[in-house]
Amino acid sequence: KQEVTQIPAALSVPEGENLVLNCSFTDSAIYNLQWFRQDPGKGLTSLLLIQSSQREQTSGRLNASLDKSSGRSTLYIAASQPGDSATYLCAVGAGNMLTFGGGTRLMVKP
Amino acid sequence: SQTIHQWPATLVQPVGSPLSLECTVEGTSNPNLYWYRQAAGRGLQLLFYSVGIGQISSEVPQNLSASRPQDRQFILSSKKLLLSDSGFYLCAWGPSIEQYFGPGTRLTVT
C-alpha cells in the first residue's frame with residue numbers, strides 16, 4: 001500500500017527566503033505526482049503535476065522535482081511571500097487514484 | 001472551462017440525522033469523480049470514486065454512501081450521521097491523471 005510522507009509538518013520562514021518542501025513515497029510504481037495548495041477552510045488548488053516520465057515542472061516561483069527511484073519529490077519556492085502561507089500537499093497517482101501526504105503548513109512572515 | 005460546485009458550504013447536523021451533499025461539474029463530460037474527507041489534523045482520505053453513471057467504488061467501510069445519478073453529479077449520503085462523520089468533505093473531478101477539487105463542505109455533527 002502506498003504511503004506518502006511530507007516533512008516538515010510545519011515551517012515558518014521570513015519573507016524573501018527560498019525554501020524546499022519534501023515529499024517521500026514508498027511505492028515507486030506511480031503514474032504522476034501532484035502538488036496542491038490548501039488555504040484554511042478551502043478546497044485544494046493544483047500547483048504542479050509531474051508525470052512519471054518527467055523529472056521536474058516549473059510554474060513561476062515554484063519548481064517541483066521528482067525522483068521515482070528514490071521515492072522523493074521536492075517543491076522549491078523561490079523568494080517566498082506572505083501570500084504563500086498555506087498548507088502544501090503532495091499526492092502520488094496510480095491509475096485514477098491519488099494518495100495524499102499529511103501536508104506541510106507554511107507560514108511566511110512579513 | 002471546467003468548474004466544480006459543492007453545496008452546502010457548511011452544515012451542522014445532529015447525530016442520527018440523514019445527510020446529502022451534492023457535487024456537480026460543468027464544462028466536461030464523463031469525468032472521474034471523487035469524494036474525500038479531511039478530518040481535523042488528518043490528511044485527505046478517499047471515500048468513493050466513480051468512473052461513470054451508476055459506477056461507485058468505495059475505498060473504506062463506513063457509514064456513508066455515494067451515488068452518481070447523472071454524468072456530472074455526485075452525491076454523498078448517510079441515513080444516520082455519527083459524531084465521527086464530522087469533517088471537511090471535498091469533491092474532485094479528473095479527466096485522467098489530474099484531479100481538480102471543489103470548495104468543500106464543512107460538516108459538523110453535534
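So that the names make sense, note that chain A is the first sequence line, chain B the second, and so on, each numbered from 1. Source: prediction; values computed, not measured.
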Side-chain heavy atoms of [X] within contact of [Y], under 4.5 Å:
{"X": "B:L19", "Y": "B:D85", "value": "no"}
{"X": "B:W35", "Y": "B:L21", "value": "yes"}
{"X": "A:Q2", "Y": "A:M97", "value": "no"}
{"X": "B:N30", "Y": "B:D71", "value": "yes"}
{"X": "B:I56", "Y": "B:R68", "value": "yes"}
{"X": "B:C91", "Y": "B:I4", "value": "yes"}

* Asked: Once you round to the nearest 0.5 Å, how far does CG of B:L11 lie from OG of B:S20?
  ->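 Those atoms lie 9.5 Å apart.
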* B:R37 side, atom CZ; B:S84 side, atom OG - distance, nearest 0.5 Å ->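 Here the rounded value is 6.5 Å.
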* Heavy-atom closest contact (B:L81 atom, B:P18 atom, distance) ->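 Reported closest heavy-atom pair: CD1-O, 4.1 Å.
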* May I ask you to check whether A:N63 and A:S65 show a side-chain donor-acceptor distance below 3.5 Å? =>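 A:S65 and A:N63 do not have a side-chain donor-acceptor pair below 3.5 Å.
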* Just give me the residue among B:Q45, B:E98, B:Q38, B:Q6 that pairs up with chain A most often, heavy atom to heavy atom, under 4.5 Å. =>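 Answer, by heavy-atom pair count under 4.5 Å with chain A: B:E98.
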* Contacting region of A:L49 [heavy-atom separation from chain B under 4.5 Å] ->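 Only the side chain of A:L49 comes within 4.5 Å of chain B.
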* Asked: A:Q6 versus chain B, heavy atoms under 4.5 Å apart: side chain, backbone, both or neither?
  ->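 When you check distances to chain B, no heavy atom of A:Q6 falls under 4.5 Å.
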* **Per-residue contacts, residues 8-37 of chain A versus chain B, heavy atoms under 4.5 Å** =>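 Residues in range: A:N32, A:Q34, A:F36.
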* Just by distance, do the side chain of A:D39 and the backbone of A:K42 share a donor-acceptor pair under 3.5 Å? ->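 Checking the backbone N and O of A:K42 against the side chain of A:D39, no donor-acceptor pair under 3.5 Å is found.
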* To do: Pull out the residues in residues 99-110 of chain B that come under 4.5 Å of chain A, heavy atom to heavy atom, sorted by number.
  =>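 Within residues 99-110 of chain B, near chain A: B:Q99, B:F101, B:G102, B:P103, B:R106.
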